[in-house]
There are 2 protein chains.
Amino acid sequence: MIRILIVEDHPAMVEGLRKILSESDEITTLDVATNASKCMAHVKGYTYDVILLDIMLPGSNGLDLCSEIIKVNPEAKILALSTYNQRYYIETMLQNGAKGYLLKNNSKEVILHAIKTVHAGNTFLCEEVKRILRQHSDHSLALSRREIEVLRLIADGLTNKEIADKLFISPLTVDSHRKNLIIKLGAKNTASLIKIAMSEGFVSV
Amino acid sequence: MIRILIVEDHPAMVEGLRKILSESDEITTLDVATNASKCMAHVKGYTYDVILLDIMLPGSNGLDLCSEIIKVNPEAKILALSTYNQRYYIETMLQNGAKGYLLKNNSKEVILHAIKTVHAGNTFLCEEVKRILRQHSDHSLALSRREIEVLRLIADGLTNKEIADKLFISPLTVDSHRKNLIIKLGAKNTASLIKIAMSEGFVSV
DNA sequence: TAAACAATCCACGAAAAGGGGGATTTCATA
DNA sequence: TATGAAATCCCCCTTTTCGTGGATTGTTTA
């Protein structure tokens, strides 16, 4: 029996998952957590076979929560389940230790198959996610830590000078980062840079 | 018996809604549509008591679909059901004829109550949506048609001159729109303008 | 019908960003 | 230990945006 923890804050979604999971006699939904702290409380008290983890949670996000869970239990088999198909989310989730990434528009069959795959110790990515990861895997989309930091400050409306003051570096350095960001994300200027950054999930709404 | 059409493309969500609705003996789920064209086919062939309409649909969006449905049946009682709490979505949905707006994080009780309220001919907005509509209702967030048009072109990386050429107006006019947009949305510059615009839903990802 | 708003256009100067270079240091890792 | 990437800093010149002010012509609508 595969024992599941569902981490999800939409009641209707929880009902649906419960229903779908109950149709398989290999799977049982043991617990449901509707936010990060409840999730951690469950994870600290019990070892689940698979954790179904949503990305958007009230007051926190699944990306950080994933790291937290892995810190407590490095063996945890986390399957991300999200509406969001942003590349950054997918990559960060996998970097943070998730064993799979599943979009919510998948059928019940795919959902069940994903859970079984992850439980068996393998990685599961749904088709659309695979496609997204293939896309521009050539044109270097990998942003450095500092670049992401600068990017978010730009999105908040700070100028090169203001960012420089905040990070204790030269405005010229910030300008270099900005130019590199524009090139890396294939933007035309700062405006489209922000649009792309948000589409990819680097900057959250 | 309140006859429902669910327009939603996440199988698990559909299952959950079916389950929740089936718990009320006043409500029955007659049909499910997973995209806009299937929805229109259903709406043209039958008159539902309430239509539960998701905003994010494959290849189209609930905003336009709402107008389409109202065009076919001006009496349709549409209840928007969405993850998205962007002000623009809420306002546009209501302008386009929806009778209610419900966020997916609401409990089954609220969902059932919303359906009954809309069916009874009243408007239903969940608490968070009411709160969002109250916020900055003072500071004029209403953008004109032209402003939204210009805003989206700015987000795509076009300069004032390029936008001017595209819209057959003077670059100075575009500049005026840009400045007004920055003031109206309370941005510091174009970068933060785009971030806010996307957060509010004026520009989609 | 007057007021309010949308959409258009303008001027001037300051500030910021963009384009195209180049360079050094540090740090991880292959 | 050499290679490469990340992070830092620099120059020159052009283009674009920003901040301040305006003004006119329509079209709703209270």
Side-chain angles (χ1 to χ4, degrees), chain A residues 88 91-92 95 136-198 200 202-203, chain B residues 88 91-92 95 136-198 200 202-203:
Chain A
Y88 175 74
E91 286 180 344
T92 307
Q95 272 165 29
H136 5 240
S137 56
D138 49 327
H139 102 34
S140 156
L141 243 164
L143 302 187
S144 71
R145 230 169 244 218
R146 195 57 147 179
E147 282 169 341
I148 292 180
E149 195 176 9
V150 169
L151 176 54
R152 291 181 178 157
L153 294 172
I154 293 172
D156 280 336
L158 278 70
T159 64
N160 288 338
K161 167 116 192 30
E162 290 167 337
I163 295 170
D165 287 348
K166 181 161 272 209
L167 301 182
F168 305 109
I169 56 179
S170 157
L172 294 163
T173 305
V174 179
D175 197 48
S176 293
H177 286 310
R178 184 190 292 259
K179 287 169 181 171
N180 287 331
L181 283 163
I182 290 176
I183 292 169
K184 281 194 180 180
L185 293 189
K188 292 185 187 173
N189 55 26
T190 300
S192 61
L193 173 67
I194 301 306
K195 179 175 173 182
I196 295 168
M198 294 190 76
E200 301 278 356
F202 292 112
V203 175
Chain B
Y88 175 74
E91 286 180 343
T92 307
Q95 272 165 28
H136 10 235
S137 56
D138 48 327
H139 103 33
S140 157
L141 242 164
L143 302 187
S144 71
R145 234 171 240 220
R146 197 55 148 177
E147 283 169 341
I148 292 179
E149 194 176 10
V150 169
L151 176 54
R152 290 179 177 158
L153 295 172
I154 293 173
D156 281 336
L158 278 70
T159 64
N160 289 339
K161 168 116 192 27
E162 289 167 339
I163 295 170
D165 287 348
K166 181 161 273 209
L167 301 182
F168 305 107
I169 55 180
S170 157
L172 295 162
T173 306
V174 179
D175 196 48
S176 294
H177 286 311
R178 184 191 292 258
K179 288 168 181 168
N180 288 331
L181 284 163
I182 289 176
I183 293 168
K184 281 194 179 179
L185 292 189
K188 292 185 188 172
N189 54 26
T190 301
S192 61
L193 173 68
I194 300 307
K195 180 176 172 182
I196 296 168
M198 294 189 76
E200 301 278 356
F202 291 114
V203 175

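Below, read A as the first sequence line, B as the second, and so on, with proteins coming before strands; counting in each chain starts at 1. Since the structure is predicted, the reported quantities are computational estimates derived from the model, not experimental observations.
Comparing B:His177 and B:Asn189 against DNA chain C, the residue whose closest nucleotide sits nearer the 5' end is B:His177. In terms of position along DNA chain C, the nucleotide closest to B:Glu147 lies nearer the 5' end than the nucleotide closest to the other residue of the pair B:Glu147 and A:Thr159.
Exactly one residue among B:Leu181, B:Ile154, B:Leu185, B:Val203 makes a side chain to side chain contact (heavy atoms under 4.5 Å, CB included) with B:Ile194. That residue is B:Ile154.
As rounded to whole Å, 15 Å separates atom C1' of D:dA6 from atom CG of A:Leu167. Protein atom CG of B:Asn180 is 15 Å distant from nucleotide atom P of D:dT17, rounded to whole Å. In this entry the distance linking CD of B:Glu162 with P of D:dT16 reads 7 Å, nearest Å. Rounded to whole angstrom, the span from the CG atom of B:Leu181 across to the P atom of D:dT17 amounts to 13 Å. The NZ-C1' distance, from A:Lys184 to D:dA7, rounds to 11 Å in whole Å. With rounding to whole Å, A:Arg146 atom CZ is found 15 Å from C:dC27 atom C1'. Distance, B:Asn160 CG to C:dA11 P: 15 Å, rounded to whole Å. Taking atom CD1 of residue B:Ile183 and atom P of nucleotide D:dT17, one finds them 16 Å apart after rounding to whole Å.
When distances are taken from the side chain of B:Ser176 to each of C:dC9, D:dA6, C:dA17, the shortest belongs to C:dC9. Nearest to the side chain of B:Lys179, among C:dA11, D:dA7, D:dC11, sits C:dA11. Closest contact between the side chain of B:Leu172 and the listed nucleotides D:dA7, C:dC9, C:dT8 involves C:dC9. Counting only heavy atoms from C-beta on, B:Ser170 has its side chain closest to C:dC10 among D:dT16, C:dA17, C:dC10.
The side-chain heavy atoms of B:Arg178 and B:Val150, taken from C-beta on, include no pair separated by under 4.5 Å.
Side-chain to base pairing of A:Thr173 with D:dC9: no donor and acceptor N or O lie closer than 3.5 Å to each other.
A donor-acceptor pair is defined here as one N or O able to donate and one able to accept, closer than 3.5 Å; no such pair exists between the side chain of A:Asp175 and the backbone of A:Pro171.
By the 4.0 Å N-to-carboxylate-O rule, B:Asp156 lies too far from B:Arg152 to be salt-bridged with it.
The shortest non-hydrogen separation linking A:Ala187 to A:Ser192 is CB-OG, 3.4 Å.
Residue B:Arg145 has no polar side-chain atom (N or O) positioned under 4.0 Å from OP1 or OP2 of C:dA6.
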